[in-house]
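One structure is given below, encoded as structure tokens.
Hydrogens, waters and symmetry mates are skipped; everything else that's a heavy atom, side chains included, is used. Here is the naming used below: chain letters follow the sequence lines, and residue numbers restart at 1 for every chain.
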Amino acid sequence: MKNFEIAKIFAEIADLLEIKDENPFRIRAYRKAAQNLESLTRDIAEEAENGTLEEIPGIGKDLAKKIEEYLGSGKVQFYERLKGEIPKGLLELVAIPGVGPKTARLLHERLNIQGIDELEKMIREHKLKGLPGLKEKTEENILRGIQLVKAGRERMHLGTAHSLAEGIISTLNSLPEVERISPAGSLRRMKETVKDIDILVISSRPTKVMEVFINLPLVGEIVAQGETKSSIRTREGTQVDLRVVEPESFGSALAYFTGSKAHNIHLREMARKRGLKINEYGIFKEKSNKRIAGKEEDEIYRVLDLPFIPPEIREDLGEIEAAQKGELPSLVSLEQIRGDLHIHSKWSDGAHSLKELAEAARKMRYEYIAITDHSQALWIAGGLKEEDLLRQIDEIRALNKKLNNLRLLAGTEVDIRGDGKLDIEDKVLAKLDIVVAAIHTGFKQGKEKLTKRMIQAIKNKYVNVIAHPSGRLLGEREAYELDWEEIMRQARRNNTALEINAYPQRLDLNDIRCRRAKELGLSLTIGTDAHTLSQLSMMKLGVATARRGWLEKKDIMNTLHLSQLIKKLEFRRKGKV
DNA sequence: GCCGTTTTCGGCCCGACTGTTTTCAGTCG
């Protein structure tokens, strides 16, 4: 899909126009278009063929033409021209925290600085002296920014961000001065990766809370410190922003701080049309400046005649329009999950026995869990030979007789081999309650071959689920190439579910593909792929991904009660035997 | 550059913090 290529070009055009000091609204238009393309569930080439480009929000006549130009020729003239006008190094400079377009231009015009290394050298040689508005402090800030860029500050996995935030929140929450506290930002929206951690606090003594915050042991550096807002960077380099507000502003501050930016802008525009003004402190009548609400978050939506919109879908990707029409999905929740369908035991590369897993599952109030150890091809992960699998089935059946209110499902995570065949014979698969299939090798076979391989597995009548379908590892490995439309069509036709793997590095399917899967009417499962007991709790990340993909209870198979689930799992086999 | 139950032109979210300034520009979220 060229969606991302074009999104990247539009985003870069926005950066270039910013350096040129162009109309800020034009710049915003490019940024918005880039974001919308990134999260478009359909293929942009198909939209172009159907002549429906201008139906994509943020795409008008001009951008539609640029998209068509790129699809046709692989280039956008306007973009090429801009790149010719503005030295590449300037984009490098703007990427430094603390250096914006104005400073970058100044540095280029007055000192002909072309890139980040040159800038560093000039600062160290004190060559910036005499430039307006750039004195010692600013030089120090830029140097620090350069260090950050060079250290390659990357986004964290959602799971990492979650535990870091939990630690800070529990410390602050123990202060008597803290009345109420909540995570905010992309963390609260449960994005798969998080850059900064945002935390919001209610307190009548903000100074005290700020003081404790900036003196936390994990603080490596104080970035900013004010009365209502402070930022620190941890020793590991993660920025954490803390905002302290009065009780009557908590709702509006939480909404503002949670974002997304695009969602907030949309709401604020709606408010303006009604003669209202929304900011972090509340909702005000524009004329009289009289405050009418802001204590609770849902008040913001109420004054705009909208139902509450869950944080996970606040991306301005149609949720506000859906809310207006009363068509918001009722998102699946963690409480609705009745079991985990992807777990490894000691039998392969997991850390715990079946009994220990059962005990943990019972504590989580699950009705069932599927034991899905690796198959023989993955000998490196202790993959089970067929005879071992048969013994494991017996052990599971025996254990089930002793268990109350919990059922272990005998399963496998069978390897889809390089030639598309499964690693376990059909006659053995037939004895299992659930078959999860996955690709673990041969990622570079190319789109056509990989698609064929996966479809072969999808068509096997014993395969219930395709695990971690895209194969991506966040920050480590790109997804392998697949014809997704075809995969999803086949999965739907053959009644094979796709998994949302809840492992923090995977979160695969991702939110966007979840949304497309729903549009096409697929069934999905959420599995943790847990190898240890503590990893069972990652279910919440999988649910969050499903929620970001607008999925409801009825879309997720493991919200079913045990008897319904078993019926659904057996359905295909019976139909064909 | 997009967008329209106040508009096909004239709007386009809003504020905090910093550093360098005597009232504000730049950057960020």
Close residues, residues 250-265 of chain A, relative to DNA chain B [heavy-atom separation under 4.0 Å]:
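A:Tyr256, A:Lys261, A:Ile265, in order of number.
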For A:Ile278 versus A:Leu267, what's the shortest heavy-atom pair and its separation?
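Where A:Ile278 meets A:Leu267 most closely, the heavy atoms are CD1-O, 4.1 Å.
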Just to be sure I understand the rule, does [X] reach a base, reach only the sugar-phosphate, or reach nothing, if contact means heavy atoms closer than 4.0 Å?
X        : result
A:Ser231 : nothing
A:Glu136 : sugar-phosphate
A:Leu267 : nothing

Got a second to check how far A:Arg291's CZ is from A:Ile283's CD1, nearest 0.5 Å?
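With rounding to 0.5 Å, CZ (A:Arg291) is 8.5 Å from CD1 (A:Ile283).
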Would you call the rings of A:Tyr30 and A:Phe10 parallel, tilted or perpendicular, taking 30° and 60° as the class edges?
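Because their plane-to-plane angle is over 60°, the rings of A:Tyr30 and A:Phe10 count as perpendicular.
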Sub-4.5 Å side-chain heavy-atom contact between A:Ile313 and A:Arg547:
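No, too far: nothing below the 4.5 Å cut-off.
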Letter by letter from the 5' end, nucleotides 1-10 of chain B scores (B base, S sugar-phosphate only, - none; protein heavy atoms under 4.0 Å) BSS-------
With both distances under 3.5 Å as the test, what is the Watson-Crick or G-U wobble partner of B:dT8?
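Partner of B:dT8: none.
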Can you see whether A:Phe308 has A:Arg314 sitting over its ring - NZ or CZ less than 6.0 Å from the centre and within 45° of the normal?
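Judged by the rule (NZ or CZ under 6.0 Å from the ring centre, within 45° of its axis), A:Arg314 counts as positioned above A:Phe308.
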Which nucleotide wins on minimum distance to the side chain of A:Glu280, given the candidates B:dG15, B:dT18, B:dG19?
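Shortest atom-to-atom distance from the side chain points to B:dG15.
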Taking the minimum atom-to-atom distance to the side chain of A:Pro97, which one of B:dC28, B:dC17, B:dT27 wins?
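Closest nucleotide to the A:Pro97 side chain: B:dC28.
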